[in-house]
J.: 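This is the structure, below, for whatever I ask next.
For ligands, and for the atoms within them, numbers begin at 1 and follow the listed sequence.
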Amino acid sequence: MTKQAIGMIDSGVGGLTVMKEAMKLIPNESFYYLGDTARCPYGPRPLEEVKEFTWQMAEFLMEKNIKMLVIACNTATAAALEFLQENLPIPVVGVIQSGSQAAAGTTQAKRIGILGTEGTVKSDVYPRSIHKEDETIEVFSLACPPFVPLVENNTYDGEEAKKVVADTLLPLKDKQLDTVVLGCTHYPILRPLIQEALGRNVQLVDAGAETVKTVKQLLGELNIAANPLGGKPEWKFFTTGAAQPFKELAEQWLEEQDLNVQHIELGEE
Ligand code: DGL
């Protein structure tokens, strides 16, 4: 058993949807969360650049003596998971494998849609990962560039957001999908709008939430879970953007008060 924190990284606030699931499923664990808000979105950036930024985030949290790193970002997972697994001395978990396995286990029609950033879609990591589970499944990937700004700018409520989501998802409407993966950790915030646009018959798979189940299992297997009697866990938040708006959003989504949020600098931007 170990009291060290689990590190979580994302391009911004999206990984907080993973953190929220983690706080429910593994409530004794301490978490250090880092959002690279100043350089968000990662989606349109070249994957090599995302890999470099992800490495910088990992290095920052390694200095804080984390026991495990969760890449709570699909784009960063697509760009950097293997590199981080090869170069860090701690277990590193991405969000794509668990999401793929859950989706492959859910679809009856063997037709899965993937919603993600341009980077995630371009990387082709989801189709490859799903085909490892079952190569007969047809995968339809759709990049949804307008979604992350809606979430980061806190404009995900209301008629305008509803229209943006419905218009963006139109290319998937006639694909007879029964399962769609929320392949970006910002998207669970838009879940009601996505569900409405795709229809009630489509099962949405939250890749981040699925990953938290994997994290819990891994903590047990490696015998590094926190001791349930070890006292109150510690949650710390770091952002490369302004601390105050991050804090307000995090407190609203996580339904917590007085979160410890600090601004930090990474790289040169
Ligand atoms: N939340 C991220 C993901 O899961 C990336 C969003 C972005 O920065 O474009 O892909």
J.: Indicate yes or no: at least one non-hydrogen side-chain atom of Tyr33 is less than 4.5 angstrom from one of Trp235.
T.: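 No - every pair of side-chain heavy atoms lies 4.5 Å or more apart.
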J.: What does the list of residues with a heavy atom under 4.0 Å from ligand 1 look like, ordered by chain and number?
T.: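 Within 4.0 Å of ligand 1, protein side: Asp10, Ser11, Cys40, Pro41, Tyr42, Gly43, Cys73, Asn74, Thr75, Thr117, Val148, Cys184, Thr185, His186.
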J.: Would you say the side chain of Leu88 lies within less than 4.5 Å of the side chain of Trp55, judging by non-hydrogen atoms?
T.: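 When only atoms from C-beta onward are counted, Leu88 and Trp55 do touch, with a gap below 4.5 Å.
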J.: Evaluate side-chain hydrogen bond (donor to acceptor under 3.5 Å, both in side chains) for Gln56 paired with Glu52, printing each intermediate quantity in order.
T.: CA-CA 6 Å; Gln56 291 170 2; Glu52 172 63 26; 3.1 Å; yes
J.: If the test is side-chain contact (heavy atoms from CB on, under 4.5 Å), which one of Leu16, Ile194, Thr17 qualifies with Pro188?
T.: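 Checked Leu16, Ile194, Thr17 against Pro188; only one passes side-chain contact (heavy atoms from CB on, under 4.5 Å): Thr17.
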J.: Just wondering, do Asn74 and Thr117 contact through their side chains at under 4.5 Å, heavy atoms?
T.: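 The answer is no, as the side chains (C-beta and beyond) never meet within the 4.5 Å cut-off.
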J.: Using side-chain heavy atoms (C-beta onward) and a distance below 4.5 Å, is Gln217 in contact with Lys213?
T.: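 No, side chains not in contact.
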